[in-house]
Amino acid sequence: MRAPRHPRLGLRNRVTLSFALGAFALSSALGAITYFAARSSILHDEQSAIESAAFANAASLRTSISQGYGTEISTIASIDQGSQSQSALYVSGQGWIFVHPTLHSPSALPRSLRTMAIDGTAAVQIIRFDRSTRIAVGVPIRAAGATYFEVFPLRPTARTLQIILAALVAAGIVTTVAGTILGRWAAGRALRPLRDVSQAALSIASGRLDTRLETADVRDLALLASSFNRMVDRLQQRIERDARFTSDVSHELRSPLTTLAASLSVLEARREDLPERSQKALGLLAAEIRRFQRMVGDLLEISRLDAGSADFETSVVEVGELVRNAVATTGGDVAVDVPPATAGRFLAVDKRRFERIMANLLDNARRYAGGATRVTVVEHEGSVRVLVDDEGPGIPASERARVFERFARGSAAAGSRGAGDGTGLGLALVAEHVKLHRGRVWVEGRHEGGARFVVELPLLDEGGDDADATGLESNPRAGRARTTRPRTTGAGRL
Amino acid sequence: MSSHILLVEDDERIRTSMRLALEDEGYELSEAGSGEEALELASQAATGQPFELLIIDIMLPGMDGFACCRELRRQSAVPIIMVTARTDTHDVVAGLEAGADDYVTKPFEPKELAARIRALLRRARATDGSAASLTFGELEILPEAGVVRLAGDEVHLTRTEFLLLCELAANAGKVLSREQLLERVWSYDYFGDGRLVDVHVRRLRTKVEPDPANPRHVLTVRGLGYKLAP
């Protein structure tokens, strides 16, 4: 199986990111086009206004020069003052005349403009001069054999362009943010069915087999939902059929077993009247019938647990009383040790299930380890641990998890199987019952040798006098208890 | 003198084997293969030697065990043990609500059934009432006479309901846990089925409470048990 690649980005984040990038690219492109179009249009208008001003100024200069040189400097100075521009005059054969202090070198004017104008063609060019954008105009004054240059400021126009630029950038940001939000929303919406499916799958895995997807009104999704639901239907049918089969088989066995048990007791009452060989046969019959009975009982119990139809009746009980009673009912003379610190603590348990837990653990110890030697109750971080110790051969570490599986018999026990009359379900039932109580069960080795089975059950919360915990009224949620709790092995069972 | 028991079970083999086993325990048995037959036998016997206890299987052809039990309860307070094939809440509670005093689940050991029969019959014969009369508001209990009156009218209780009421009355004002009631009324150990107590308390309330939904006499003490208000 391919190892799942670590996802760098969630699907939703990726969709969001693409929306954001798309919105950004689109708004930037539109902004740039708008800006440059506006810029060229504004500059064009400005340019024509400036050109006509320059031509007018050149005309008045020509008038001044045509009466002879000498007054040109004062004329240029007054022009500059009038139109807030900087002017220069190139007179062929004589060179440059600069008036304005900032415009004092021909290099301030681009060469192309200079040559074009000096060669006799009026020219306009946008330039950078004195740290701002300006428009330079060159007008030949042929009559005087001179060329007039004028540099106009562009300040109001630049302001307008700056405002347009700022507006476009702002619009771009808004568009990008809106795109991101839209992307996130769209991704969430598009992915919702996927999320629904995965939630439904999780819920089914945790044992709620009646989970179904709502049929979507969009056609592609409706197909997904209906095929998903069809799959779960068949799965549920199959699981229920299997569970029902086990339950039916066990039920059908109950009647003959009742007859067998009753007839057996009649025979056993007359055991002494039977010949020795018949007594031996009766002993075998009795042992096997009892084992058969236990097995049917265990199978029924486990099928009820699988079907989720098992009753779960909690009552609030004192832990020492509970454990002592359970051991007394089923375990005979095993010592029960309840330290004073733990005595007086309360548990909310299904007493009869707890009795089954203890009975099965003690039975297991009797069968494979010569009997339990001690039962200890200890408190541990809001829980109670019931320790069942034996002095048998112990269970190898590698088999400790497996002993709670159904029909799992350890390799050590396999040899003595002929003599054993276990059902192979005892510890599996212990695990199921403990899980119903939201507890844990495990087995560990003891330093002194032998095994220690540990059942950990949550203590009743302090002040837990709510109706749930008392269970005095019959529990209306009986049978649902299991399905409303997360089950770690649920997926495995499917 | 052996007790006369009626066994209602449609499976002939179970019936025969159970009769053999219970006869070994010292009981005298009659058999019925259906609910209808059981009712007929019971009404015939009522005139002569009535049955002291009935064992009724829930799954019967025709009239089922619940209906048979309800029908019998109309005429008699005789102890009834239900035989169920399941321990599910539904069957057990329905059986108890139909009027059964106790139940056993198939497959059972005859010894287990015999123990249940003994407990019910012992209780049925016991007349250990010490006080002549106990009065709680409108509720009057005469343990000796086995009579309960509500506002002067006699109330018909089954023996189990009566014993339960007497047990609560003898400890009026004190809370009795389900375990204590199971032990004293049904002779069960610590791990008896608490539903027996719950259903019987419910049934008792419908008979001795003017308003069973708001009991004034038989009170639930959350987390602890039940008590009779003094």
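For the numbers below, each heavy atom of this structure counts, side chains included, while hydrogens, waters and symmetry mates do not. Each chain gets a letter, A, B and so on, in the order its sequence line appears, and its residues count up from 1.
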When the 4.5 angstrom heavy-atom criterion is applied to B:P107 and chain A, the contacting part is both

Positive for side-chain contact (heavy atoms from CB on, under 4.5 Å) with A:D350, one of A:R356, A:H437, A:H433: A:H437

Any idea which of A:G297, A:P256, A:S255 has the most non-hydrogen atom pairs under 4.5 angstrom with chain B? A:S255

Applying ring-ring contact (aromatic ring centres under 6.0 Å, His included) to B:F51 and not counting sequence neighbours gives B:H4

A:V266, A:L274, A:L267 screened by side-chain contact (heavy atoms from CB on, under 4.5 Å) with A:R270, the one that passes: A:V266

Are B:R73 and B:D101 close enough for a salt bridge, meaning some N to O gap below 4.0 Å? yes

Can you tell me which portion of A:L253 sits under 4.5 Å from chain B's heavy atoms? Options are side chain, backbone, both or neither. neither

Relative to chain A, which segment of B:D57 carries a heavy atom at a distance below 4.5 Å: side chain, backbone, both, or neither? neither

Which one of B:E179, B:K111, B:M18 has the most heavy-atom pairs closer than 4.5 Å to chain A? B:E179

Got a sec, which residues hit side-chain hydrogen bond (donor to acceptor under 3.5 Å, both in side chains) with A:R324, two or more places apart in sequence or on another chain? none

